[in-house]
Amino acid sequence: MRNEQTQEVDNQDTTTHEYLTFILGDEHYGLDIMNVCEIRGYEPVTKIANAPSFIKGVLNLRGDIVPIVDLRLKFDVGQATYNEFTIVIMLHINDRIVGIVVDAVSDVINMQTSDIKPPPEFGVAFDSQYLFGLAPVNEQMIILLNIEKLISSQELGLFDSTTLQSES
Amino acid sequence: MSMDMTQFHGVFIEESQEHLDEMEHLLLALDPKSPDIEELNSIFRAAHSIKGGSGMFSFDALITVTHVMESIFDKARQGNFKLSAQLIDELLIAVDVLRKLLKSYAENSEIDWALVNSTTASLEAILDPNSQSKPQEVDDDFGFFEPLTSSEPQPLTHSLAKDQDIAEEDDTFGLFEPDVDTSDANCEVSTEGENVPVSDIDFGFFDDTDDSPADSNTPGSAALMNVSPSETVPPSSSSRPNFETEAHSETRTKQKTDSKPKPKAQTKSESKNKNEAAESSSIRVDIAKIDSLVNLVGELVITQSMLNLIGDEITGLANEKLHTALAELERNTRELQEGIMSIRMLPMSFVFNRFPRVVRDLSKRLDKKIELSIVGGQTEIDKGLIELLVDPLTHLVRNSLDHGIELPEIRLANGKPETGILTLKAEQKGGNIIISVLDDGAGLNRERILAKAYENNLDVPENPTDQQVWQLIMSPGFSTAEQITDVSGRGVGMDVVKRNIESMGGRLEIFSAKGAGSCFQIRLPLTLAILDGMSIAVGDQIFIVPLVNVIESVQPQSAQLKLIGNEQVLDLRDAYWPIVSLYQVMDLEPKSMQITDGILVLVETNNTRFALLVDELIGQQQAVIKSLEQHYRRVQGVAGATIMGDGSVALILDAESLALKINESLKQRIEYEK
């Protein structure tokens with residue numbers, strides 16, 4: 001896994017990617033902006049029976065029924081409060097739309113692939129397999145997520161395992 | 001075969017099926033004594049389109065049969081040939097054969113060449129007596145065809161060896177166009193001959209590009225090419241290295257995506273060109289595009305109702321202006337919604353049109369005189385339902401012909417006209433489409449059905465009403481026909497028909513009067529995408545129960561609640577109903593835990609019935625069904641979701657899977673107590 005990632009980093013030295021950065025607890029995270037549909041305020045959702053607590057429920061996104069995941073609950077960081085400042089990032093992953101609840105959205109950064117450092121092995125809320133790298137911005141470290149992998153992971157259980165297999 | 005090949009096949013097969021339907025329809029309408037030239041032209045064009053398309057895919061069996069048919073129609077329209085009723089029969093049989101062949105090609109199964117040869121032979125025999133030279137010519141054509149098709153490797157080698165350029169691919173497509181436009185029958189043979197190798201080059205080409213990324217030099221890819229004669233293998237494998245060096249993976253994929261749509265567009269435009277004269281202008285649109293429009297309009301309606309709510313907060317002159325504008329918007333959105341829904345609709349004649357043939361064939365076989373009358377073919381119905389309706393309707397029509405309408409002698413003896421009338425009727429009543437199959441035959445035989453039911457140990461109520469008796473024939477394995485014919489009577493039927501109709505959210509009703517006839521009525525919702533539901537509330541959440549499953553709702557009295565083995569059941573009119581609490585299933589906080597505070601909705605599914613405990617009933621409403629699985633996963637007890645007027649999401653309950661929550665032992669005890 002690690003090998004693959006470093007290789008990727010080496011190969012695409014000059015390309016720049018845009019990342020959306022957001023705050024979860026005390027840490028700054030970034031995800032590839034190409035996965036983002038839109039950012040919107042938190043709205044009441046319809047609860048789904050027997051779903052884990054971090055799956056808040058589903059809501060209507062222009063006619064699509066979209067699940068909402070609270071990453072703060074899943075990774076036990078920050079305060080899981082819901083008010084008018086609570087932010088949902090709508091992600092577009094494998095032809096599916098999923099909303100994630102985060103503490104705040106901060107910025108969009110341009111990052112050259114060569115500037116991305118390998119991710120830390122520990123000290124982050126996420127399992128290292130969902131991390132893509134570390135990016136220094138203004139003396140701050142931003143943890144870049146492999147958001148596709150995280151969202152489609154078995155751990156989140158957002159998708160049926162059968163549908164995942166057929167898609168991958 | 002590679003994926004892209006099957007893609008083209010799909011388009012070709014779909015269009016050919018339409019052509020066949022058209023041919024059959026026109027043949028049935030054709031008057032052999034004075035055939036209408038326009039109609040003959042249309043049949044000719046249909047046969048010609050199928051032949052042209054088959055040529056591109058080297059579907060030789062189809063070419064062989066359509067070619068002879070084409071010759072017959074060509075002569076007929078030039079007036080050199082006399083049509084007869086018997087000839088039309090032969091042609092109809094040929095149409096059936098073509099259907100079979102098309103199916104074999106669609107399923108990639110073995111072609112029944114014996115059938116092809118016998119059909120062509122019998123068709124040629126029709127051509128034969130009229131002029132001696134004609135069959136000769138026909139044979140010549142075939143001689144002409146075969147060497148060309150088998151010589152295909154030659155041009156393939158040439159072009160592949162000469163130029164691996166991507167531009168060449170475009171050239172070959174350019175070659176299609178002149179052929180495509182020549183609908184003239186005279187240059188048929190030569191264009192066809194050119195067509196075959198040209199198309200093969202392309203497909204050889206496709207196979208290459210598809211294979212090389214996966215495994216460049218394995219025998220597997222060579223085996224793929226073996227479909228065509230063995231000479232093709234060397235050129236294709238020799239062309240592969242060139243490919244690897246010249247075109248890098250990036251360009252390869254690019255070219256793959258570039259080239260894919262082209263042949264598809266070609267096949268489409270080809271048949272379109274030829275059809276233009278015969279058909280009214282219409283376009284083929286992917287159903288997904290229409291569905292996304294339906295979605296968007298649904299959203300528009302919700303946004304508009306939100307605007308209405310906001311508008312109420314505004315006071316003064318602005319309010320009045322806003323309301324006029326909003327009223328205007330409402331009218332426009334409603335029209336837009338109706339317009340878009342109507343795109344999904346097709347006239348019932350799409351289904352009905354196949355029945356003149358069925359009736360014609362069957363009445364001949366059964367020695368009955370039957371006239372078919374079709375009423376309301378213009379009634380429109382959702383496209384999704386049309387496809388599902390064909391089988392049940394065919395079954396009902398066959399049943400009516402076989403069991404319903406009597407033999408001419410019996411009819412005369414009973415003082416009825418010799419010719420029986422079978423009516424297919426479609427009409428729209430409210431939010432339902434009602435499709436009836438009516439016959440003026442003997443009607444259902446109450447005594448015989450009952451006797452048969454007892455014989456088969458079916459559950460028969462005491463002193464059953466006619467309605468109850470008629471329902472019996474829809475039990476599995478039921479048939480009263482004295483002898484089993486090949487038309488019907490094996491008793492696998494009405495229960496399947498009933499199940500099919502119920503799976504569409506419809507109902508099958510039977511009316512019958514002895515000696516006067518019977519009527520089978522299918523009642524369907526207007527569209528698949530909308531469901532009649534009852535909205536109910538538990539805690540702060542709203543759910544929809546499909547109305548088909550709901551029998552009634554009761555406010556339970558404590559006297560009606562009984563305990564059977566620690567579980568509470570509802571005792572209503574001498575029947576025990578197990579209780580399923582929705583708040584438990586859905587893990588919610590109910591307003592009250594007391595059953596007597598809530599409402600029990602009596603729900604019936606295919607196998608079982610139960611009472612669903614909810615907090616309150618909200619009302620009946622139509623719900624647009626949305627998939628939960630599209631972005632999430634299956635949820636137990638939930639069939640889908642819908643969007644309410646205020647934009648929130650409500651889950652649609654699945655009665656079948658809720659029934660699984662009932663304790664098995666409780667079910668048995670209830671059975672026992674009964």
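In what follows, every heavy atom counts, from backbone to side chain, and hydrogens, waters and symmetry copies are set aside.
Side-chain atoms of A/Ile65 and B/Thr642, non-hydrogen and from C-beta on, never get closer than 4.5 Å to each other. Side-chain contact between A/Ile48 and B/Leu651 is present, with heavy atoms from C-beta onward closer than 4.5 Å.
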Pair B/His631-A/Asp64, side-chain contact (heavy atoms from CB on, under 4.5 Å): steps then yes or no: CA-CA 8 Å; B/His631 301 293; A/Asp64 281 312; 3.4 Å; yes
Go through it in stages, so that I can follow the logic: the residues are A/Val98 and B/Tyr632, the test is side-chain contact (heavy atoms from CB on, under 4.5 Å), and I'd like the CA-CA distance, side-chain angles, deciding distance and then a yes or no. CA-CA 8 Å; A/Val98 174; B/Tyr632 186 50; over 6 Å; no
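The one candidate from A/Leu61, A/Thr46, A/Val66 that meets the side chain to side chain contact (heavy atoms under 4.5 Å, CB included) condition with B/Val649 is A/Thr46.
Of all non-hydrogen atoms in B/Gln541 and A/Lys47, the two that sit nearest each other are NE2-O, 3.0 Å.
In A/Met141, the CE atom is crowded: over 12 heavy atoms of neighbouring residues, nucleotides or ligands sit closer than 6.0 Å.
Neither the backbone nor the side chain of B/Val638 comes within contact range of chain A; no heavy atoms are under 4.5 Å apart.
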